Amino acid sequence: MALDENIYKLRLDKLKQIEALGQRVYPTKYEFTRTIQQVLAEHSQKTAEQLEASRVNVRMAGRIMAIRLMGKAGFAHLQQDGQRLQIYVKKDAVGEKGFELYKLLDLGDHIGVSGYLFRTRTGELTVHVEEITFLSKGLLPLPEKWHGLTDVELRYRQRYVDLFMNPEVREVFLKRAKLVQSMRNFLDGRGFVEVETPMMQPIAGGAVAKPFITHHNTLDIDLYLRIAPELYLKRLTVGGFDRVYEINRNFRNEGISTRHNPEFTMLEFYQAYTDYRGVMDLTQALIIQAAQDVTGGMKTKWGEQEIDWSDANWRRMTMREAIIEYWPDSAGAKPSLADFASHDSVKALVQQFNSAHSHMAYDPNEPAGRTIASLFEAVAEEHLTQPTIIYEFPTAVSPLSKQKADEPDWTERWEIYIGQMEISNGFSELNDPEDQRRRFEQQLKERERGDEEAHQMDEDYIRALSYGMPPAGGVGVGIDRLTMLLTNSQSIRDVILFPLLRPEKRSDNDETSKENR
RNA sequence: GGGCGCGUAGCUCAAUUGGCAGAGCAACUGACUCUUAAUCAGUAGGUUGUAGGUUCGAUUCCUACCGCGCUCACCA
């Protein structure tokens with residue numbers, strides 16, 4: 001028999017004894033007068049004398065995270081909302097039954113207590129308990145009280161334990177909530193309307209990615225989990241929502257890494273009558289505001305590095321300028337703008353880079369624009385720690401963006417890089433249905449060439465554009481990655497409450513299944 | 001998917017060259033009415049991820065598989 005099963009049964013027995021003391025074992029509610037956080041906020045500054053002079057009665061609830069019994073008295077620490085407060089339980093004060101109950105309590109139990117505040121000899125603010133109410137039992141043993149829960153696999157699989165054992169984990173997710181709130185405030189304050197668009201789509205559009213496929217039984221059709229909400233949000237700009245946003249969960253059937261989870265969250269917003277420059281400025285302001293709201297300042301740690309989010313520290317350069325600027329010395333002479341103009345000169349750049357530097361994957365049949373984008377990632381991305389806006393992307397990798405008027409091979413598109421990660425992506429939205437049809441057809445050719453991620457034809461989207469979509473700028477912001485940066489989390493799994501893991505194996509073996517209870 | 005690494009008690013970790021699998025916390029029993037990693041005395045808890053192999057003998061060496069981490073590829 002496994003040990004934790006022994007404990008489980010022992011604690012079930014204790015539960016019976018607790019019931020015998022006249023307590024409900026799983027009561028439905030407990031009315032408290034103060035949260036632990038409030039008690040700490042209101043009384044942390046008070047001296048022992050002040051507390052004695054004006055007796056402060058409290059009634060509060062929490063989970064037992066530490067307990068010390070000393071004969072006919074004892075202490076415990078209750079935790080609520082990540083905050084802890086000590087309680088003092090004396091037999092004289094709680095009575096025979098009350099003390100019997102205290103002795104039956106275990107780490108992890110939830111209780112309610114009423115009593116008054118005082119300071120112990122060592123000065124710690126403590127509740128002198130007069131009544132204990134049993135609220136819920138922890139039947140499984142808690143992790144080690146000093147080292148806590150450190151095994152990453154257990155932390156992800158049993159996030160519920162991770163959250164109450166590790167206050168810094170709780171803090172990360174509170175910051176994530178603040179980030180989303182900050183973004184909502186920012187956009188709501190500028191007249192944006194929050195909407196919800198389909199997560200199950202007949203055509204997985206709006207991005208370049210492999211989708212998940214699911215099936216609807218009644219309609220007997222396959223549907224894709226959305227890889228992006230983009231095309232639906234743009235339909236809404238056709239419909240007259242000039243400023244819309246969606247905080248959207250997207251699903252991409254691709255690799256899992258410290259920067260990729262199969263489902264992830266983006267903010268996507270569209271503003272009519274502006275272009276990529278307009279939304280560039282807006283997004284920069286939104287991110288700066290978010291950094292301020294989440295961290296209270298403009299500087300954050302990112303591993304060994306420091307990120308300065310303040311406006312003056314942001315840089316802007318074109319993709320071509322970035323490749324030139326970060327071209328490694330070992331790869332010889334820096335490229336010139338003319339080198340990006342033809343397929344052959346781009347090919348020569350790749351050969352020059354690969355001969356001297358680390359190898360970069362290269363398919364000579366792909367359009368030059370794709371190669372340039374890959375070259376940018378290989379050459380520049382690792383250098384982009386401070387907030388940097390890279391603009392003017394190749395048309396070949398931007399099927400939904402408007403081309404530059406003077407350079408049709410380039411689009412009015414940008415991405416924001418912070419901490420070596422792509423954080424945001426925005427552009428002047430392509431609203432010419434004829435052009436859009438040609439881009440889709442180009443994507444179909446890519447698909448035939450073997451690129452299964454290339455965009456599918458979306459006739460309804462082209463029809464929507466044919467009714468007239470206003471000129472608009474649109475943006476996506478990666479919320480998971482922005483949370484990583486703002487909380488100095490090196491893995492995306494540390495900012496997603498329940499990251500995707502391979503399911504635990506459930507054997508038919510009785511022992512194992514019980515252990516997994 | 002490839003490469004590298006890890007997997008020992010509920011948790012955190014030990015175990016010399018291949019030689020009796022251990023500690024702390026948690027748990028249980030007892031003492032203790034201001035402790036706070038409480039203290040003191042005692043007790044119990046293990047198919048060393050799984051399945052094979054080598055060996056007189058495997059936590060240790062080998063193979064496969066499972067899970068996780070890092071990394072590369074793909075991608076945001």
Side-chain angles (χ1 to χ4, degrees), chain A residues 1-11 13-14 48 65-77 84 86-94 99 102 106-108 118-124 126 128 138-158 161 165 207-210 227-228 250-266 268 358-361 374 377 381 415-417 421-425 451-453 476-482 484 490-493 499 501-505 507 509 511-512 515 517:
Chain A
M1 184 189 289
L3 173 70
D4 61 334
E5 192 156 344
N6 266 331
I7 293 177
Y8 193 95
K9 283 182 175 156
L10 270 165
R11 294 194 177 182
D13 284 344
K14 285 187 178 181
M65 294 302 288
I67 191 161
R68 298 173 289 281
L69 171 68
M70 302 162 305
K72 296 186 180 61
F75 290 88
H77 272 96
R84 290 188 184 191
Q86 183 171 256
I87 63 169
Y88 177 55
V89 181
K90 195 162 68 163
K91 193 173 181 179
D92 299 344
V94 296
F99 203 69
Y102 171 78
D106 287 301
L107 291 178
F118 76 111
R119 282 196 185 275
T120 61
R121 273 179 207 155
T122 52
E124 180 165 348
T126 303
H128 196 289
L139 294 169
L140 292 172
L142 259 44
E144 213 260 353
K145 66 180 169 189
W146 192 239
H147 298 93
L149 188 67
T150 59
D151 183 278
V152 283
E153 186 179 351
L154 278 180
R155 286 187 41 231
Y156 297 149
R157 287 198 191 281
Q158 303 186 23
V161 178
M165 288 303 296
V208 177
K210 291 195 198 82
I227 56 176
N250 296 320
F251 307 86
R252 299 190 184 175
N253 206 339
E254 285 162 357
I256 296 176
S257 78
T258 49
R259 293 175 177 196
H260 302 85
N261 194 63
E263 53 178 304
F264 65 103
T265 308
M266 290 207 326
E268 209 162 284
S358 60
H359 186 72
M360 176 194 127
S374 304
E377 285 172 23
E381 201 172 15
E415 287 184 350
I416 296 173
Y417 285 82
M421 288 192 292
E422 184 196 330
I423 293 303
S424 179
N425 174 23
D451 183 355
E452 53 181 311
E453 295 188 354
V477 180
I479 289 179
D480 310 278
R481 288 184 175 179
L482 197 47
M484 287 170 68
Q490 297 297 316
S491 170
I492 199 167
R493 295 184 197 91
L501 298 180
R502 215 175 275 275
E504 285 176 276
K505 223 177 20 180
S507 96
N509 182 302
E511 288 294 310
T512 312
E515 273 175 13
R517 187 195 317 266

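In this text the structure is predicted, and so the values were computed from the model without any measurement. Chain A is the first sequence line, chain B the second, and so forth, proteins listed ahead of strands; every chain is numbered from 1.
Closest to the side chain of A/L107, from the set B/rA26, B/rC28, B/rC34, is B/rA26. The side chain of A/E254 has B/rA76 as its nearest neighbour among B/rC68, B/rA76, B/rA26.
Among the protein residues, A/E415 comes within range of no part of the nucleic acid, since none of its heavy atoms lies under 4.0 Å from any strand. A/D151 comes within 4.0 angstrom of sugar-phosphate atoms only, judged by non-hydrogen atoms across all strands, and of no base. Residue contacts for A/G74: at a heavy-atom cut-off of 4.0 Å it reaches no nucleic acid atom on any strand shown. Counting non-hydrogen atoms under 4.0 angstrom, A/G255 reaches a base of the nucleic acid. Note on A/R84: nothing from the nucleic acid sits closer than 4.0 angstrom, heavy atoms only. When heavy atoms are screened at a 4.0 angstrom cut-off, A/D13 is found touching no nucleic acid atom at all. At a threshold of 4.0 angstrom between heavy atoms, the contacts of A/K91 with the nucleic acid are absent. Nucleic acid contact for A/F251: none, since no nucleic acid atom lies under 4.0 Å from a heavy atom of the residue. At the heavy-atom level, A/I423 lies nowhere under 4.0 Å from the strands shown. Within the nucleic acid shown, A/E144 comes within 4.0 Å of at least one base atom, counting heavy atoms only. Nucleic acid contact for A/R155: none, since no nucleic acid atom lies under 4.0 Å from a heavy atom of the residue.
Side chain of A/R259 to backbone of A/R481: no donor-acceptor contact under 3.5 angstrom is found.
B/rU48 is unpaired under the criterion used here, namely a Watson-Crick or G-U wobble arrangement in which both key atom distances are under 3.5 Å. As the counterpart of B/rU55, no nucleotide is assigned, since no Watson-Crick or G-U wobble pattern has both distances under 3.5 Å. Pairing of B/rA27, defined by two Watson-Crick or G-U wobble distances under 3.5 Å, is identified with B/rU43. A 3.5 Å limit on both hydrogen-bonding distances identifies B/rG69 as the Watson-Crick or G-U partner of B/rC4. The base-pairing partner of B/rC13, taking Watson-Crick or G-U wobble contacts with both distances under 3.5 Å, is B/rG22.
Phosphate contact (OP1/OP2 of B/rG67, side-chain N/O of A/R157, threshold under 4.0 Å): absent. Using a 4.0 Å cut-off, no side-chain N or O of A/T120 falls inside it from OP1 or OP2 of B/rU35. Note on A/R502: every side-chain N or O is 4.0 Å or more away from OP1 and OP2 of B/rC66. Distances shorter than 4.0 Å separate some side-chain N or O of A/R493 from OP1 or OP2 on B/rC70. Within the 4.0 Å cut-off from OP1 or OP2 of B/rU71, not a single side-chain nitrogen or oxygen of A/S257 is found. One finds no side-chain N or O of A/K72 lying less than 4.0 angstrom from the OP1 or OP2 phosphate oxygen of B/rC34.
Between A/Q86 and A/S424, the residue anchored nearer the 5' end of RNA chain B, judged by the nucleotide with its closest heavy atom, is A/Q86. Each of A/F118 and A/T258 was matched to the nucleotide of RNA chain B holding its nearest heavy atom; the match closer to the 5' end belongs to A/F118.
Ring geometry for A/H128 against A/Y88 counts as perpendicular: the plane angle is over 60°, on a 0 to 90° scale with 30° as the lower cut.
For the pair A/W146 and B/rG24, the ring geometry does not qualify as stacking, because the centroid separation below 5.5 Å and plane angle under 30° are not jointly satisfied.
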field: Audit row: A/T258, A/M484, side-chain contact (heavy atoms from CB on, under 4.5 Å) steps and yes/no
entry: CA-CA 10 Å; A/T258 49; A/M484 287 170 68; 5.7 Å; no
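Across the P atoms, B/rU33 and B/rU47 are found 40 Å apart, a figure rounded to whole Å.
Atom OH of A/Y8 and atom C1' of B/rA9 are 20 Å apart (whole Å).
Between A/M70 and A/F75, some side-chain heavy-atom pair lies under the 4.5 Å cut-off.
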